[in-house]
2 protein chains.
Amino acid sequence: MTDTEQAPRGRATAEMVAARAQVSRVAVSRAFNPHTSLKPEKRELILKIAQELNYTPDRAARALVSGRSHLVGVIVPDVCSHWESQEIDALTTALQAEGFATLLFKTRTDYSMDEQLLAYMRGFNPDSVIAFVENVKPHTLARFLDRAVPIYVHYPLPGTSEEAEDDPLHDRLNVLQRDGIDQAVALLQGFGARRIAYLSGAEKSRANTSRERTLRQVMADRGLAPPVVARGDFSYDSAYQATIDLFRVGDGADAIFAANDVGAFGVIDALRHELKLRVPEDVKVIGFDDIAQSHWKSYNLTTVKFDLDERVRALVRLILRRLNNPDAPGFQETLNTRLVVRGTVG
Amino acid sequence: MTDTEQAPRGRATAEMVAARAQVSRVAVSRAFNPHTSLKPEKRELILKIAQELNYTPDRAARALVSGRSHLVGVIVPDVCSHWESQEIDALTTALQAEGFATLLFKTRTDYSMDEQLLAYMRGFNPDSVIAFVENVKPHTLARFLDRAVPIYVHYPLPGTSEEAEDDPLHDRLNVLQRDGIDQAVALLQGFGARRIAYLSGAEKSRANTSRERTLRQVMADRGLAPPVVARGDFSYDSAYQATIDLFRVGDGADAIFAANDVGAFGVIDALRHELKLRVPEDVKVIGFDDIAQSHWKSYNLTTVKFDLDERVRALVRLILRRLNNPDAPGFQETLNTRLVVRGTVG
DNA sequence: TCACAGAATGAACACGTTTTCATTTCTCGT
DNA sequence: ACGAGAAATGAAAACGTGTTCATTCTGTGA
């Protein structure tokens with residue numbers, strides 16, 4: 001044994017492992033990459049020595065030559081929004097299992113896109129990018145990420161051709177909101193709701209636009225008058241204030257459809273604690289997302305759900321498929337929504 | 001102009017920028033690194049051309065030679081826990097401003113450490129690592145991260161020498177919980193609380209151990225009987241069930257101190273909706289963290305706060321100081337806590 | 001035994017930067 | 001006009017890996 005270089009100063013390298021195992025450095029590389037030809041017992045020996053030396057291939061070096069960083073960029077306006085944090089959580093778990101790591105970036109909270117951020121992110125060379133900032137055009141994202149193919153979470157507008165339209169240039173996850181919203185409106189209609197209000201999310205958000213328009217169309221199809229709209233921005237506080245204004249300044253409502261669950265919580269608290277109204281007896285409330293908090297007893301919210309696990313699985317499928325077929329045309333996945341009935345309606 | 005190589009296939013490289021600007025590749029590198037000597041007008045020209053070509057230095061290549069990945073690893077058991085998600089959010093914002101990116105890793109939810117995860121993470125070469133898994137010994141973390149110096153969030157146990165003790169080998173953020181807990185107990189004592197219960201967090205969590213022991217000692221110092229302990233794991237559901245057991249199986253309490261705010265929400269909902277008790281009239285509740293939801297009207301929770309911004313600033317200071325002084329002895333920062341009084345006490 | 005296919009192996013190259021070092025150019029005081 | 005020190009510049013080395021390609025080894029069928 002060459003005990004002279006026993007001092008494992010800093011990080012162990014493939015060279016050191018190779019020296020100790022009496023093999024070439026290339027063999028070490030092969031030992032860590034499956035689907036390469038290497039005698040099994042040799043691979044075993046190398047891996048054993050690697051573990052002793054606390055060696056792991058350097059991903060920066062690996063990325064440099066292979067063009068794969070194994071990083072997935074995630075752009076969020078607000079990590080602690082409940083829905084976002086739950087998606088990040090599930091996504092990180094799923095990606096980790098596939099050998100990827102989640103790289104987090106924060107952008108402006110008004111859901112506008114930030115070109116400087118894209119350039120910044122590009123420096124880290126993510127293999128793929130998932131943007132929660134839905135209003136950004138996919139080709140803008142693509143222009144800034146030369147290597148990575150962005151994944152576009154798409155909320156098709158109802159009544160347009162968007163639902164069917166193919167997009168050969170980008171990978172897309174379509175979220176169809178019509179079914180869940182229709183079930184929600186049907187329920188409200190069954191309870192005889194007359195004045196239905198929509199508490200919006202951030203105006204620039206594509207998810208909000210799509211939900212509002214879909215609600216309008218569903219209500220029209222069912223012969224209901226258009227909803228009263230109160231402006232929020234997905235936050236508890238904005239929903240709280242908007243609800244108060246709706247009843248103090250405006251004419252109130254007997255049912256409120258919130259753009260997301262957190263907003264619905266603000267609506268419920270404003271109704272109960274500020275306006276002294278009962279939910280669901282005086283006003284019925286429905287949310288959107290079905291986050292973990294929605295079953296908490298203080299709210300016990302009826303809400304339109306789209307399954308998180310299903311969504312994450314779809315995203316991971318898109319990522320992996322794209323990495324295995326870099327030049328294939330755009331892949332698509334589609335997700336549906338459904339109503340979860342709890343205590344805030346009837 | 002050498003129009004032959006006009007096709008900007010794939011990603012732009014420093015070489016291309018250099019060719020167009022009629023300078024050497026080294027000059028391009030210097031243009032992107034401040035504190036290097038380069039004629040201002042030349043730097044300006046290079047940056048302009050770089051922008052035209054959509055060029056950003058490749059961080060993988062940069063990391064390889066400079067030894068700085070500009071990645072900060074964050075290990076969390078659960079991203080969507082409210083407190084964690086808020087810290088991740090604030091941390092990401094702060095790090096982004098300093099040119100770093102947050103690399104997210106999930107570990108087991110029982111707060112035990114996962115050596116396999118550490119080895120996995122090491123491959124990404126983070127410059128620094130912040131572990132929310134407080135029970136891991138800092139030298140274990142250090143052994144797995146040869147280059148990065150881990151930052152240890154330390155909850156000193158009261159009555160031991162830990163508060164004063166220096167640790168020259170690791171960077172440390174001390175969180176002193178005694179002041180806030182003392183204020184909380186004083187408040188409860190003032191309202192004549194007799195039976196005080198502690199709803200614990202995950203047993204292996206250092207934060208929980210420290211909070212429980214500090215509470216014990218504060219109560220003893222004030223001549224109060226030791227707290228009844230109900231076992232939870234920081235989650236809403238566990239707190240909800242433990243509270244029910246406390247009153248149905250055990251002898252109840254007239255004040256409950258929860259290990260975190262989310263647990264306190266579970267306590268409140270169990271008291272109100274399951275046990276039909278009033279908060280604060282029948283039972284007083286105090287939480288720990290002061291997360292954003294704590295001021296929501298349905299809970300309006302009195303809680304022990306330690307300031308998130310202050311904490312994040314301290315962490316970033318530790319990270320930067322360490323990177324600028326790789327061989328310096330361990331740095332320390334200290335944070336205090338205080339009570340925020342809202343509606344769940346008196 | 002021989003020829004041959006396929007597996008196993010290692011030398012050399014490539015990836016895109018930063019850093020070191022030696023050289024050239026500029027600036028300023030005399 | 002001169003010299004000295006500072007600023008500016010580029011050639012070459014280095015970082016740690018994956019990949020290509022040519023070579024050697026192994027086992028099989030004739």
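Note on naming: letters A, B, ... go to the chains in the order of the sequence lines (proteins, then strands), and numbering restarts at 1 for each one. In this text, all values refer to a predicted model and were calculated from it rather than measured experimentally.
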- prompt: Looking at B:Arg321, B:His154, B:Arg172, which hits side-chain hydrogen bond (donor to acceptor under 3.5 Å, both in side chains) with B:Glu333?
  reply: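 The option that passes is B:Arg321.
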- prompt: Is a donor on one side and an acceptor on the other found under 3.5 Å between the side chain of B:Asp127 and the backbone of B:His70?
  reply: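 It does hold such a pair.
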task: Check whether any side-chain N or O of A:Arg11 sits under 3.5 Å from a backbone N or O of A:Thr56 as a donor-acceptor pair, and report yes or no.
output: yes
task: Identify the 5'-most and 3'-most nucleotides of DNA chain C with at least one atom closer than 4.0 Å to a non-hydrogen atom of chain A.
output: C:dA8 to C:dG16
- request: Classify the ring geometry between A:Tyr120 and A:Phe105 as parallel (under 30°), tilted (30 to 60°) or perpendicular (over 60°).
  value: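 It falls in the perpendicular class, over 60°.
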field: Aromatic ring pairing A:Phe306/A:Tyr155, orientation class (parallel under 30°, perpendicular over 60°, tilted between)
entry: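 Geometry flag for A:Tyr155 against A:Phe306: perpendicular rings.
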Distances for protein N/O vs nucleotides 14-21 of chain D N/O pairs under 3.5 angstrom?
residue: D:dT17; atom: OP1; partner: A:Tyr55; partner atom: OH; Å: 2.8
residue: D:dT17; atom: OP1; partner: A:Asp58; partner atom: N; Å: 3.2
residue: D:dT17; atom: OP2; partner: A:Thr13; partner atom: OG1; Å: 2.8
residue: D:dT17; atom: OP2; partner: A:Ala14; partner atom: N; Å: 2.7
residue: D:dG18; atom: OP1; partner: A:Asn33; partner atom: OD1; Å: 3.3
residue: D:dG18; atom: OP1; partner: A:Arg62; partner atom: NE; Å: 2.8
residue: D:dG18; atom: OP1; partner: A:Arg62; partner atom: NH2; Å: 3.0
residue: D:dG18; atom: OP2; partner: A:Ser29; partner atom: OG; Å: 2.4
residue: D:dG18; atom: O6; partner: A:Arg25; partner atom: NH2; Å: 2.8

task: For A:Ser29, enumerate each residue passing the side-chain hydrogen bond (donor to acceptor under 3.5 Å, both in side chains) test, keeping only those at least two apart in sequence or located in another chain.
output: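 A:Ser29 satisfies side-chain hydrogen bond (donor to acceptor under 3.5 Å, both in side chains) with no other residue.
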query: In a check of side-chain contact (heavy atoms from CB on, under 4.5 Å) between A:Leu104 and each of B:Ile88, B:Asp89, B:Leu91, which one passes?
result: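 So, applying the side-chain contact (heavy atoms from CB on, under 4.5 Å) to A:Leu104 and each of B:Ile88, B:Asp89, B:Leu91, only B:Ile88 qualifies.
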